[in-house]
Amino acid sequence: MKVQTRQKRQGLSQNVRTVLKWLFYALTIIFFYCRMTSGDGDGSKSLMLIPFATAIACYEREVPSAIIGAISGILIDMATGQLLGFTGLYLCLFCGIISGMFRQFLRKNIINYFALTLATCLVYLYIDYYFFYVIWDYEGYQEVLKHRLIPSHLKTIVFSPLCYLACLIAEKLATVKRKLELEEKSEMVDRV
């Protein structure tokens with residue numbers, strides 16, 4: 001009597017899954033950049049590239065996280081009309097540090113992610129406000145803070161859990177689950 005076994009259906013390989021994950025990241029970054037450049041009626045733009053870059057930093061190593069942070073920061077600079085590279089340098093450093101913190105000290109959960117994203121946004125708000133408005137002593141720079149910068153960062157913080165959820169799903173789909181198979185006890189094996 002022959003026993004026929006079915007072959008297990010093979011899914012996508014790890015390399016293909018990784019390529020698809022990074023393609024998802026690239027398309028999402030392009031979508032958020034297009035959303036930032038489309039503009040809203042009130043003049044405040046949600047800076048969704050900041051929480052998305054920090055969400056990627058939760059799951060990736062330091063160098064890829066820093067590169068994603070630099071690219072996201074340069075795109076933010078282009079969308080907001082600021083000095084090119086200013087936000088890129090800031091996000092490059094912060095994403096590298098966030099990635100190292102999640103790799104060494106923190107657990108990957110939404111509370112830690114939200115706390116670090118909130119801190120990143122608040123530091124960026126202060127840097128943006130100080131270096132582009134206060135230092136030059138523009139007339140009515142408090143109005144810019146109230147009507148453009150704070151609403152923009154509130155939109156960013158409110159929608160940041162969606163970025164974490166998207167990166168969590170992409171990471172879960174990109175990793176191959178390993179199965180542990182136990183062998184039966186064999187009499188031919190010499191036990192000591």
Side-chain angles (χ1 to χ4, degrees), residues 14 17-38 40 44-80 82 85-130 145 148-178:
Q14 183 63 40
R17 289 175 185 251
T18 303
V19 167
L20 289 175
K21 177 179 73 169
W22 283 100
L23 182 66
F24 168 73
Y25 288 164
L27 291 176
T28 307
I29 286 172
I30 291 169
F31 173 74
F32 285 151
Y33 173 72
C34 292
R35 179 74 180 107
M36 284 177 59
T37 56
S38 66
D40 293 334
S44 66
K45 299 177 181 183
S46 64
L47 306 170
M48 291 303 294
L49 288 173
I50 292 174
F52 192 68
T54 56
I56 292 173
C58 291
Y59 294 103
E60 298 298 327
R61 294 211 176 256
E62 290 86 355
V63 174
S65 299
I67 291 171
I68 290 292
I71 291 169
S72 298
I74 289 171
L75 291 174
I76 289 172
D77 289 336
M78 290 186 335
T80 57
Q82 294 180 347
F86 182 77
T87 309
L89 177 64
Y90 166 75
L91 276 182
C92 178
L93 293 173
F94 262 64
C95 286
I97 291 169
I98 287 171
S99 176
M101 288 177 69
F102 272 105
R103 203 168 135 231
Q104 297 292 329
F105 304 115
L106 299 175
R107 289 189 177 189
K108 295 173 185 166
N109 59 28
I110 196 160
I111 296 169
N112 291 334
Y113 161 76
F114 190 74
L116 289 174
T117 302
L118 182 65
T120 303
C121 285
L122 289 176
V123 171
Y124 178 68
L125 173 67
Y126 177 75
I127 288 172
D128 189 21
Y129 179 64
Y130 183 77
L145 178 69
R148 190 177 76 81
L149 294 177
I150 290 179
S152 173
H153 285 275
L154 285 177
K155 289 178 189 177
T156 302
I157 291 168
V158 165
F159 291 112
S160 65
L162 295 176
C163 293
Y164 179 78
L165 182 64
C167 287
L168 176 67
I169 291 171
E171 186 65 28
K172 293 283 184 189
L173 292 175
T175 55
V176 176
K177 293 181 176 126
R178 297 180 184 175

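These numbers come from the heavy atoms of this one structure, side chains and all, not from hydrogens, waters or symmetry mates. Positions are given from 1, in the same order as the sequence printed here.
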Evaluation steps, side-chain contact (heavy atoms from CB on, under 4.5 Å), between W22 and I68: CA-CA 11 Å; W22 283 100; I68 290 292; 3.7 Å; yes
side-chain contact (heavy atoms from CB on, under 4.5 Å) evaluation trace for Y164 with Y59: CA-CA 10 Å; Y164 179 78; Y59 294 103; 3.0 Å; yes
CA sep, side-chain torsions, deciding dist, call: L91, I76, side-chain contact (heavy atoms from CB on, under 4.5 Å): CA-CA 10 Å; L91 276 182; I76 289 172; 4.0 Å; yes
Verdict with reasoning, L75 to T87, per side-chain contact (heavy atoms from CB on, under 4.5 Å): CA-CA 9 Å; L75 291 174; T87 309; over 6 Å; no
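Remark: the backbone N or O of T120 is paired with a side-chain donor or acceptor of Y90 at under 3.5 angstrom. With S99 contributing its side chain and E60 its backbone, the two residues share a donor-acceptor pair below 3.5 Å. In this structure, the side chain of Q14 engages the main chain of A174 through a donor-acceptor pair within 3.5 Å. Between the side chain of R17 and the backbone N or O of L173, at least one donor-acceptor pair lies under 3.5 Å. When atom types are taken as modelled, the side chain of S38 and the backbone of R35 share a donor-acceptor pair closer than 3.5 angstrom. Looking only at distances, a side-chain donor or acceptor of T54 sits under 3.5 Å from a matching main-chain atom of I50.
Atom-to-atom distance recorded for F114:CZ and I157:CD1 is 6.0 Å, nearest 0.5 angstrom. Interatomic distance, OG of S152 versus CG of D128, reported as 8.5 Å (0.5 Å rounding). Between the OH atom in Y113 and the CG atom in L168 there is a gap of 11.5 Å [rounded to 0.5 Å]. Here L47 contributes atom CG and Y124 contributes atom OH; the two are 6.0 Å apart, rounded to the nearest 0.5 Å. Taking NE2 of H153 as the reference point, atom CG of L149 lies at 6.0 Å (rounded to 0.5 Å). Taken to the nearest 0.5 Å, the SG atom of C167 stands 4.5 Å off from the OH atom of Y25.
Heavy-atom minimum distance, L145 versus Y129: CB-CE1, 3.6 Å. What you find for C163 and A55 is that their closest heavy atoms are O-CB, 3.8 Å. In this structure, A53 and S72 approach most closely via the heavy-atom pair CB-OG, 3.9 Å. Residues S65 and A57 approach most closely at OG-CA, 3.3 Å, considering heavy atoms. The shortest non-hydrogen separation linking P161 to I110 is CB-CD1, 4.0 Å. Of all the heavy atoms in T156 and P51, the pair that sits closest is CG2-CD, 3.5 Å.
No more than 12 heavy atoms of other residues, nucleotides or ligands shown are found within 6.0 angstrom of CD1 on I111.
With contacts defined as side-chain heavy-atom distances shorter than 4.5 Å, the pair E171/K21 qualifies. Between I127 and F86 there is a side-chain heavy-atom pair separated by less than 4.5 Å.
Just one residue in the list L93, L116, T117 forms a side-chain contact (heavy atoms from CB on, under 4.5 Å) with I98, and that residue is L116.
Using cut-offs of 30° and 60° for the angle between ring planes, the Y130 and Y126 rings count as parallel.
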